[in-house]
Each structure stands twice: as C-alpha cells, then as structure tokens.
Amino acid sequence: MADPKGFLTTGREVAKTRPVAERVKDWNEVYVPGSLLPIISKQAGRCMDCGIPFCHNGCPLGNLIPEWNDYAYREDWSAASERLHATNNFPEFTGRLCPAPCESACVLGINQPAVTIKNVEVSIIDKAWDSGDVTPQPPERLSGKTVAVIGSGPAGLAAAQQLTRAGHTVAVYERADRIGGLLRYGIPEFKMEKVHINRRIEQMRAEGTKFRTEVEIGRDIDAAKLRKRYDAVVIAAGATVSRDLPVPGRELNGIHFAMEYLPLANKVQEGDFVAPPLTAEGKHVVVIGGGDTGADCVGTAHRQGAASVTQLEIMPRPSEDRPTGQPWPTFPMLYKVTSAHEEGGERVYSVSTTHFEGDEDGNVQFLHLVEVEFTDGKLNRKPGTERKIPAQLVTLAMGFTGTDQSNGLVAQFGLKLDERGNVARDADFATNVDGVYVAGDAGRGQSLIVWAIAEGRSAARGVDRYLTGRSALPAPIRPTDRALTV
C-alpha cells in the first residue's frame, strides 16, 4: 500500500487548467504544463490498495491501478510505466480522453472524492516518454504470417501493435491522409495534441508495423481481394455513420455533422489549411447533442471566434451528485463541465429541434425548438414552449448509428450484421468470414476509447490463435461484455 493514511490526510487535487482568456487564443492542450508532477505522488498515495479493487471492474482493460499508484507514490516511474503498459498500449490517449469509469468505481469514491486515477496515469506515461522509458519492442522472430488491419483508430492500432509484437507482419490501412482515425481528426488539439499520436506511430514503425494511408478498403481495394492477399484481416473501421436529424430545413447550407466540422479544424493544425473551409468565426453556432463530441464542437467554435455558442440536449439536465438510482460502482450520469464549457456558451436541456429557417439564399439563420418532457416513458412536447434561436452554423453531434456500408466493405467481404447494424462476431471476435475479425466500434457500436483499446487487444488474441493454433496474448474482454452502468 502506498500511504496507509493517504486517503484520510490528502484531499483530491486535479490538473490545473490555463486561464480561459489565454487558452481560447491557441490550440494547445488546456492544462498547465508540468502542473501535475509536483502533486501527483501524494494523489497516488490516496489509493487504498483495496482487497477487491473495483476500479478494475470499471476499466475494461483490467488496468493494474493500485500497483502503478504505489509506484507513482514512491516515484519509481520506470516500474509504474511497466505496470501501466502491461495492460494498455496507449495510456497517453486514455489518460487524456477517457471519461475514467475507473474513478466512478473507486472504493474511496463511495463517500469521498475518488482517487485521481486518470491524472496519475497521464503523469506516469508523460514521465516515461520524457525519460526514454518508452522504446520499440520488436518481435524476436517473425511468424511468416501476414495480417491486414482496416482502420487506424485506437482499436486498430492496439490490434496492430499486439500482432506485430507477436511476430506477425502487419499492415494498417487508413482511408484518411494520416494515421489515427478519430484520434487524429475527431479529437481537437486542445484535448490531445497530436504529438502523442505521432510518437506512438513512430514506435510502431520501429517495431515493424506498416502503414498505408489514403487507401479505403471497398473502394480503392476490393475487400475480397485483400482477404486473399493476407492470412488474416482485422476490421477496425469504427461506427462512422453519423446520426442525422430529419426535420424540415435540414437541407439548408450551414448544417453539418460534427465529423464534417471537426476534421477541418484539425487539418488547420496539421498545416493543410491556413484557415478552415468551414468556420464558426462571427457566427451564431448551435451544437445539437450534449455529449463529448458536442463539447468538442463547442470548444472549437470558441477558438474560431464564434459570436455565440448554444448547445442543445434532448435529455433533462443530469444531477451534480450521484443519483440514488445509479448506485456505486456503476458509471453515473452526472452534470459534467468540460474545459470547453468553462470557456463560455449556453447549455439548454430538455429541448427538441422542430425545424430550421433559412434566408433567401438557402443559408440557415434560425433553429426552432420546443421544450420536451418524459411522461409515461414517452417523450412529449410541452405546448406553448416553442421558440427560435439564431443559428448560422449548426453541428449535429448526436452520436453514430453503425458501420459505414456505402464503401462496399461489408458487402464485398460478405459480412453478417447484428440487429444494431454492427458487424457480428463470435467469442473470438471472428466474423462469419474465415480469417476476418472485427474490433472496436465496428463490432461493438459507439463506445469509449478504453473499450476500443480493450477490443483491439482481445481481437489480436483471436487472430494470433487462428494463425498459430495458440496465443499468449491477453484478452481483457469478451465481445459480449458491457460497461458497468445502470
């Protein structure tokens, strides 16, 4: 145990953020550089090293949290990094982007603020990179087997790294011009600077993983031909079909999916554009959807100089404390104030969009909404609550509905889908096509980054066993496992 009295004597302290007036003028991460290391050892000492660490249940990766908390408390950063990497290929991603279900399941969190597990994690991995503890781990010998991974998001990268280290020759195919999937173009720079992706890619290259960008399987290469070229295939293409809003006026100019808007802002940071082709500058912006993607749109609009930003959510405003109907250690639905929300804008709950209104040139100008309430399990409009708000740029951030079928990948492979439109798989993450596996959102549906990495690791074990007859690779989850929620 780190500090036997740490949870009694030390209060919770989290990473400090830069002043709003400063950070909205740039795209750097919102946190004060170096602010965690002076406090993180004491924060790690708050861990109680529970007999039954429920944080393991909250985390699908099975992270060895009490162990690396202990090492961080003792400032043995090399040992902490080793324990961290034992279960997680990319802790710098999860330490920045994961909503930390491990903290919701922290035993200390029953009656005190939980351990800052996420902050400890990111401190360990950042220290490991700075000290040179993160090095390539190429295989000792090659198996002679080849694997194609379709998609370079967290699931695809995790599967590729695991299979490369197992000795297989792996090629990752990405339809975008850079590796990273939604990590690259869906996550704004202020949440995770892309240097963290770039150095992982270089590590993977040094280990032997090959990368092929601007190649879309189904369009540029026939999926069936790809299967013949490789001994096995892992589909990690994500659930990239955005949920639409079919209301009158949807066809007006200025209404875009979040995944049309966010990538263009990221491409500016990559140097592809001087200014984004789609910008919020000087406009009244409305973001439809109250989740993390919606918050990303809010923060992006602030940095582009929006005249106003309003975020709409159809569900009621969550409570700030854990509701009695969502008992520990489940992941609660709480009112969350992200860094983007701290920067301004208005959040409106329990409203539904009825239609859009445009000008004579076909550009959206107003969004009409109505208040709603749930009665008898149904969503009903409240009469007399209709109103309109200015909207010159609208982003739809209402989630995703399944795997893209328009590019031919599903049909060319001959894949079966489940009732939700995801690629069906068995207990080994194998599809109905021999030698073709699926990992991440393509098989699970829209989920968290930590689940994507767990899926990639687990699918890699299935592929390794298919290719060699056995596998020593870990499989932290089963395809049927689900998050610990109410």
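- Taking the charged nitrogens against the carboxylate oxygens, R18 and D26 do have a contact shorter than 4.0 Å, which makes a salt bridge.
- For L8, the CG atom sits in a packed shell: over 12 heavy atoms of surrounding residues, nucleotides or ligands are nearer than 6.0 Å.
- Side-chain contact check for T146 and D231: at least one donor-acceptor pair (N or O, by modelled atom type) lies under 3.5 Å.
- Annotation for R243 and F257: closest pair O-CE2, 3.6 Å, computed over non-hydrogen atoms.
- E121 and N88 form a side-chain donor-acceptor contact under 3.5 Å, judged by distance and modelled atom types alone.
- Between Q43 and N119, every side-chain heavy-atom pair lies at or beyond the 4.5 Å cut-off.
- Comment: E174 does not engage R184 in a salt bridge, judged by the lack of any side-chain N to carboxylate O separation of less than 4.0 angstrom.
- I449 places a side-chain heavy atom less than 4.5 Å from the side chain of L183.
- Under a 3.5 Å cut-off, the side chain of R199 and the backbone N or O of Q203 do not form any donor-acceptor pair.
- A pairwise comparison of heavy atoms in A232 and L467 identifies CB-CD2, 4.0 Å as the closest pair.
- Residues L417 and Q405 form a side-chain contact, since some pair of their non-hydrogen atoms from C-beta on lies under 4.5 Å apart.
- Using a 4.5 Å cut-off on side-chain heavy atoms (C-beta onward), K336 and D292 make contact.
- Summarising the local packing, CZ of R205 is surrounded by more than 12 heavy atoms from other residues, nucleotides or ligands at distances under 6.0 Å.
- Using a distance-only test at 3.5 Å, with no hydrogens or angles considered, a donor-acceptor pair links the side chain of D220 to the main chain of E216.
- Remark: the H168 side chain and the S143 side chain contain an N/O donor-acceptor pair separated by less than 3.5 Å.
- Inspection of the D434 and Y466 side chains reveals an N or O donor paired with an N or O acceptor under 3.5 Å.
- The pair K267-E270 does not meet the salt-bridge criterion, since no charged nitrogen lies less than 4.0 angstrom from a carboxylate oxygen.
- Ion pairing between E29 and R96 holds under the 4.0 Å rule for side-chain N and carboxylate O.
- Under the 4.5 Å side-chain criterion, counting only non-hydrogen atoms from C-beta, T279 is not in contact with F273.
- Salt bridge annotation for D222-R227: absent, with no cationic side-chain nitrogen under 4.0 angstrom from a carboxylate oxygen.
- Judged by the 6.0 Å and 45° rule, R83 forms no cation-pi pair with Y71.
- Taking a 6.0 Å sphere around CZ of R478, one finds it holds 12 or fewer heavy atoms contributed by other residues, nucleotides or ligands.
- Using a 3.5 Å distance cut-off with no hydrogens or angles, the side chains of N89 and R457 do pair a donor with an acceptor.
- Remark: the D404 side chain and the T240 side chain contain no N/O donor-acceptor pair separated by less than 3.5 Å.
- With hydrogens and angles left out, the side-chain atoms of Y185 and D177 include a donor and acceptor closer than 3.5 Å.
- Counting only distance, with no hydrogens or angles, the side chain of H302 and the backbone of G299 share no donor-acceptor pair below 3.5 Å.
- Looking at every heavy atom in both residues, A160 comes nearest to T209 through O-OG1, 4.1 Å.
- Contact check for M204 versus T164: no side-chain heavy atoms found under the 4.5 Å cut-off.
- No donor-acceptor pair closer than 3.5 Å links the side chain of E455 to the backbone N or O of A439.
- Listed for the K194 side chain is a donor-acceptor partner under 3.5 Å among the backbone atoms of M192.
- Of the possible donor and acceptor atoms, one in the side chain of R23 sits under 3.5 Å from a partner among the backbone N and O of S339.
- Side-chain atoms of E343 do not come within 3.5 Å of backbone N or O of V24 as any donor-acceptor pair.
- Using modelled atom types, one side-chain atom of S35 and one backbone atom of V32 make a donor-acceptor pair closer than 3.5 Å.
- Here the side chain of Q311 pairs a donor or acceptor atom with the backbone of G289 at under 3.5 angstrom.
- Scanning all heavy atoms of the two residues, the minimum distance from A472 to R461 falls at C-NH1, 4.2 Å.
- By the 30° and 60° cut-offs, the orientation of the rings of Y173 relative to Y230 is perpendicular.
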Practice item. Assess whether side chain to side chain donor-acceptor pair (under 3.5 Å) is satisfied between S81 and D133, documenting all intermediate values. Key: CA-CA 8 Å; S81 174; D133 283 338; 5.4 Å; no
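- Counting heavy-atom neighbours within 6.0 Å of Y31 OH, excluding the residue itself, gives a total of 12 or less.
- Note that the OG1 atom of T87 and the CG atom of N63 stand 3.5 Å from one another [nearest 0.5 Å].
- R175 has its side chain out of reach of V215: every pair of non-hydrogen atoms, C-beta onward, lies at least 4.5 Å apart.
- Side-chain contact annotation: E189 with N266, donor-acceptor N/O pair under 3.5 Å absent.
- T17 and E342 get closest at one heavy-atom pair: OG1-OE1, 4.2 Å.
- A salt bridge links E103 to R12: one of the charged nitrogens lies within less than 4.0 Å of a carboxylate oxygen.
- Within the 3.5 Å criterion, the main-chain N or O of V241 finds a donor-acceptor partner in the side chain of T401.
- Classification of E13 and K42 as a salt-bridged pair fails, no side-chain N sitting under 4.0 Å from a carboxylate O.
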**Study point:** Residues K127, E75; criterion salt bridge (Lys or Arg N to Asp or Glu O under 4.0 Å); working and verdict
**Key:** CA-CA 10 Å; K127 182 73 173 178; E75 298 189 7; over 6 Å; no
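- Using modelled atom types and a 3.5 Å distance limit, the side chains of Q304 and Y261 yield a donor-acceptor pair.
- Under the 3.5 Å distance criterion, with hydrogens and angles disregarded, no donor-acceptor pair is assigned to the side chains of E193 and Q269.
- The minimum heavy-atom distance between A86 and L64, with the atom names listed, is CB-CD1, 4.4 Å.
- Using a cut-off of 4.0 Å between Lys/Arg side-chain N and Asp/Glu carboxylate O, D296 and K191 are scored as salt-bridged.
- Inter-residue side-chain proximity for P474 and Q162 is flagged as met; some heavy-atom pair is nearer than 4.5 Å.
- Side-chain contact annotation: D441 with S447, donor-acceptor N/O pair under 3.5 Å absent.
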